[in-house]
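Here's the structure, in structure tokens; my notes come after.
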There are 4 protein chains.
Amino acid sequence: MARKLVPEQHEEKRQLILEAAHRCFLRHGLQGASISMICKEAAMSPGHLYHYFPGKEAIIEQMADEYLSALHKHFEGQRETRDVATVLLSEIWSMNSWDDAAHCRILFELLAEAGRNERIRNILARNSDGVRRLLSDTLTAGQARGEVDASLNTEHTAAMLIAIVDAAPMLPLMLPGIDFDESRKLITTMVRRFLEPRQ
Amino acid sequence: MARKLVPEQHEEKRQLILEAAHRCFLRHGLQGASISMICKEAAMSPGHLYHYFPGKEAIIEQMADEYLSALHKHFEGQRETRDVATVLLSEIWSMNSWDDAAHCRILFELLAEAGRNERIRNILARNSDGVRRLLSDTLTAGQARGEVDASLNTEHTAAMLIAIVDAAPMLPLMLPGIDFDESRKLITTMVRRFLEPRQ
Amino acid sequence: MARKLVPEQHEEKRQLILEAAHRCFLRHGLQGASISMICKEAAMSPGHLYHYFPGKEAIIEQMADEYLSALHKHFEGQRETRDVATVLLSEIWSMNSWDDAAHCRILFELLAEAGRNERIRNILARNSDGVRRLLSDTLTAGQARGEVDASLNTEHTAAMLIAIVDAAPMLPLMLPGIDFDESRKLITTMVRRFLEPRQ
Amino acid sequence: MARKLVPEQHEEKRQLILEAAHRCFLRHGLQGASISMICKEAAMSPGHLYHYFPGKEAIIEQMADEYLSALHKHFEGQRETRDVATVLLSEIWSMNSWDDAAHCRILFELLAEAGRNERIRNILARNSDGVRRLLSDTLTAGQARGEVDASLNTEHTAAMLIAIVDAAPMLPLMLPGIDFDESRKLITTMVRRFLEPRQ
DNA sequence: TATGAATGAGGGTTCATTCAT
DNA sequence: GATGAATGAACCCTCATTCAT
């Protein structure tokens with residue numbers, strides 16, 4: 001008689017909301033996007049939205065978490081690749097255009113928010129942690145193979161590389177006419193020269 | 001009755017408001033800081049504030065303009081310095097701690113806003129333009145002196161260096177324990193290796 | 001398929017809901033307690049609750065009815081007691097502490113509500129009626145036995161005694177340090193002196 | 001040039017709001033009366049109302065405070081009256097009808113709220129304190145003159161008398177047809193018999 | 001029976017802005 | 001120049017209630 005709980009549907013709805021929220025945040029910012037906008041975007045009444053999330057903060061936080069883990073997922077499964085720089089910059093290489101990068105602009109929202117909101121800051125740190133360890137290991141392996149300058153502190157270098165990758169979407173904002181492919185190559189060149197062993 | 005010669009006072013008040021706004025934006029974000037907060041911070045009534053600025057947008061825009069030009073002012077007056085990398089990273093070298101960098105966090109607000117607001121985007125582009133030209137000239141001069149790799153496109157390289165400098169305040173957000181001095185050195189090393197002529 | 005003989009279960013569930021509602025009303029007030037709170041307290045879904053009651057008002061009304069009749073039930077079965085004052089104040093004497101009295105606080109909610117809501121006012125009047133008649137009869141019997149001042153209008157006196165009993169839970173709110181036993185004795189003394197025949 | 005602060009006008013507006021709120025609370029209860037209702041009643045926009053009060057709670061609290069102090073103000077200035085009972089029940093005697101008493105019904109709202117809200121409870125206690133001391137002094141003076149039973153604890157007796165006075169508005173709710181004058185006399189009689197010295 | 005998805009009006013509150021003085 | 005009174009739309013969120021299953 002009683003309807004069974006269908007957690008998959010529940011989870012689907014949550015994802016639907018998160019995607020709608022992501023679009024709104026992209027268009028209007030974390031604070032500028034209102035619950036009622038998200039509701040319209042998700043074709044859902046406000047009362048119902050609160051059935052799935054306890055508040056706006058929770059939406060932002062889960063969105064941030066999933067967004068960041070997706071953003072950095074490119075690194076995984078590429079550990080066997082030979083060229084270290086290619087692995088490190090796989091995220092950039094996986095993008096096809098500035099439109100893709102534009103989609104990343106939500107990172108700025110998060111960085112701005114992280115400066116004032118400890119919870120967002122922790123989410124950011126937690127997500128960076130995993131990637132940083134991955135990059136660090138890759139660098140260490142590269143050093144062992146003689147492909148990476150052995151004098152570099154792999155921990156700090158990894159952190160900086162993440163920052164650089166995350167800064168890439170900045171370029172079109174500061175330099176409207178820039179070409180996507182060329183800037184990608186430029187970053188790669190810089191990283192490669194940075195890492196290669198000094199003779 | 002007619003008072004004509006007090007435009008200096010007028011300008012002083014505007015600056016006072018802009019500084020108050022800057023502090024509020026730093027604490028609460030561009031959207032999170034309200035006019036009434038800014039009024040309190042500037043010890044001024046809302047009606048009076050609107051005597052100096054036509055609205056919140058105008059405050060944000062002028063604040064952005066002045067903030068960005070101040071941020072990049074370090075480059076000027078250092079053109080005669082010998083070491084190219086030092087010139088290029090003078091902004092970073094002028095900071096003494098992450099606290100100084102924290103003050104730069106407002107840049108994230110602006111980058112986030114620039115993604116959606118054309119006027120802010122233009123202000124950002126206009127300000128970057130000047131610095132980019134400056135950096136570009138420095139790079140060209142460096143190439144002429146044989147200190148910079150001649151194969152690099154100076155325009156694009158300059159743009160990327162700005163992005164890197166602007167990404168620096170990201171680091172403590174992603175990697176809470178990082179040391180300020182070491183990360184500064186790491187960035188410098190990377191840039192130097194990137195630019196030096198290939199043999 | 002047809003089940004007919006489960007009206008007891010139906011009634012049980014209704015009581016369960018009423019008890020849960022009572023607890024919520026006590027904690028948050030008639031207007032402050034929400035249906036969803038009551039649902040949680042009764043471990044029941046909102047859809048199900050509406051299977052037993054047509055709405056919040058109905059819950060309040062039946063709760064009020066049962067609460068009031070329970071509150072005044074003490075009077076019954078004590079008619080043969082000799083001392084008139086003891087009968088009249090049996091409700092107060094049946095309480096053991098202010099905790100019990102606290103449980104009576106819901107009466108204030110009802111009195112407040114009765115001031116604006118005619119249906120609650122009627123429920124209150126109807127319940128008081130029964131008790132008032134009971135008290136009135138007790139007083140008349142007392143007058144016949146010469147234990148109660150014969151000049152008192154028994155109807156009005158009964159009404160006032162109910163008000164006094166109902167006002168008892170007020171005391172700890174107004175006089176936080178008061179002792180329960182002493183205030184009980186004080187009320188009894190007052191009532192006894194009031195009722196006793198004048199010589 | 002700058003307009004002077006006119007604190008009297010500010011205070012006037014606050015009183016205007018409090019009166020509007022009082023009427024709304026009387027009609028719909030403390031929780032049932034909404035800010036927007038109060039705004040309509042006070043002919044004022046919601047934004048403006050928050051210029052005078054930081055929130056609904058503050059309105060309730062100040063209203064409660066002023067209401068209670070007004071309610072008990074009758075006692076003052078009657079200390080020289082000869083008859084103790086008359087002084088003690090001056091509040092009841094000052095009313096002319098149940099309509100006057102109806103206006104007191106807001107007390108039930110406050111009593112109900114006091115059961116859950118510590119701040120309201122404190123306001124209630126603080127206001128009762130003053131009156132209780134006044135009554136207590138009156139009783140002590142009456143004992144000295146031999147008009148009041150010397151065996152009564154004046155503190156507790158005073159507390160109970162307040163409760164009785166406050167319970168008076170209950171009567172028409174429980175007994176719709178009751179006569180105002182007669183019930184007033186009845187209460188007075190009871191109090192007088194209670195207090196008079198025992199021979 | 002029983003569930004929880006779904007609604008949309010309304011809750012208290014804050015907002016950028018304008019106005020009379 | 002300067003004040004703070006005044007607005008009303010919009011903010012996030014909760015409500016009592018209904019519906020499909």
Side-chain angles (χ1 to χ4, degrees), chain A residues 1-7 9-10 12-13 31-39 42-59, chain B residues 3 6 9-10 13 31-39 43-59, chain C residues 3 6 9-10 13 31-39 43-60, chain D residues 1-7 9-10 12-13 31-39 42-60:
Chain A
M1 315 305 180
R3 195 142 59 95
K4 270 164 205 143
L5 237 170
V6 191
Q9 276 189 16
H10 196 266
E12 260 174 43
K13 272 279 164 74
Q31 317 201 46
S34 73
I35 288 286
S36 78
M37 283 183 45
I38 296 172
C39 286
M44 180 175 281
S45 68
H48 197 24
L49 184 142
Y50 279 83
H51 204 75
Y52 294 95
F53 289 93
K56 197 187 178 188
E57 286 212 351
I59 297 179
Chain B
R3 299 144 289 155
V6 270
Q9 277 191 13
H10 191 83
K13 275 280 166 80
Q31 319 202 46
S34 72
I35 289 283
S36 80
M37 283 182 46
I38 296 171
C39 285
M44 181 176 284
S45 68
H48 200 28
L49 184 143
Y50 276 82
H51 201 78
Y52 293 94
F53 289 93
K56 196 186 178 187
E57 287 212 352
I59 298 178
Chain C
R3 299 146 287 157
V6 270
Q9 277 191 13
H10 191 83
K13 275 280 165 82
Q31 318 202 47
S34 72
I35 289 283
S36 80
M37 283 182 46
I38 296 172
C39 286
M44 180 176 285
S45 66
H48 200 27
L49 183 144
Y50 277 83
H51 200 78
Y52 293 95
F53 289 93
K56 197 188 179 186
E57 287 212 352
I59 298 178
I60 292 179
Chain D
M1 316 303 177
R3 195 141 59 95
K4 271 164 205 146
L5 238 170
V6 191
Q9 275 189 17
H10 195 267
E12 260 174 44
K13 271 278 162 75
Q31 316 199 46
S34 73
I35 288 285
S36 78
M37 283 183 45
I38 296 173
C39 286
M44 181 176 281
S45 67
H48 198 26
L49 184 143
Y50 278 83
H51 204 75
Y52 295 94
F53 288 93
K56 198 189 179 185
E57 286 212 351
I59 297 178
I60 293 179

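Per chain, numbering begins at 1; letters A, B, ... match sequence-line order.
Ring planes of His51(A) and His48(A): tilted class, angle from 30 to 60°.
Taking atom CD of residue Glu12(A) and atom C1' of nucleotide dA5(E), one finds them 14 Å apart after rounding to whole Å. Computed from coordinates, the Ile60(C) CD1 to dC15(F) P distance equals 14 Å when rounded to whole Å. When the P atom of dG12(E) is taken as reference, atom CD1 of Ile38(D) falls 7 Å away, rounded to whole Å. If you take NE2 of His51(A) and C1' of dA5(E), they are 6 Å apart, rounded to a whole angstrom. Between Met44(C) atom CE and dT3(E) atom P the separation is 7 Å, expressed in whole Å. Atom pair Gln9(B):CD and dG1(F):P shows a separation of 7 Å (rounding to whole Å applied).
The CD1 atom of Ile38(C) sits 5.0 Å away from atom CD1 of Ile59(C), with the distance rounded to the nearest 0.5 Å. Residue Glu12(D) holds its CD atom at 10.0 Å from OH of Tyr52(D), rounded to the nearest 0.5 Å.
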Pairing string of DNA chain E (Watson-Crick or G-U wobble, both atom distances under 3.5 Å; | = paired to other strand) is .||||||||||||||||||||
Readout for nucleotides 8-13 of chain F: B = base within 4.0 Å of protein heavy atom, S = sugar-phosphate only, - = neither; 5' to 3' it is BB-SSB
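His10(B) has a side-chain polar atom (N or O) that falls below the 4.0 Å cut-off from OP1 or OP2 of dG1(F). Between Tyr52(A) and dG4(E) there is no side-chain N or O to OP1 or OP2 distance below 4.0 Å.
In the set dA6(F), dA5(E), dA6(E), dA6(F) carries the atom at the smallest distance from any side-chain atom of Lys13(D).
The shortest heavy-atom contact between Pro46(A) and Cys39(A) is CA-SG, 3.4 Å. Heavy atoms only, all atoms of each residue included: Gln31(A) and Gln31(B) are closest at CB-CB, 3.9 Å.
Phe53(C) comes within 4.0 angstrom of no nucleic acid atom, judged by non-hydrogen atoms across all strands.
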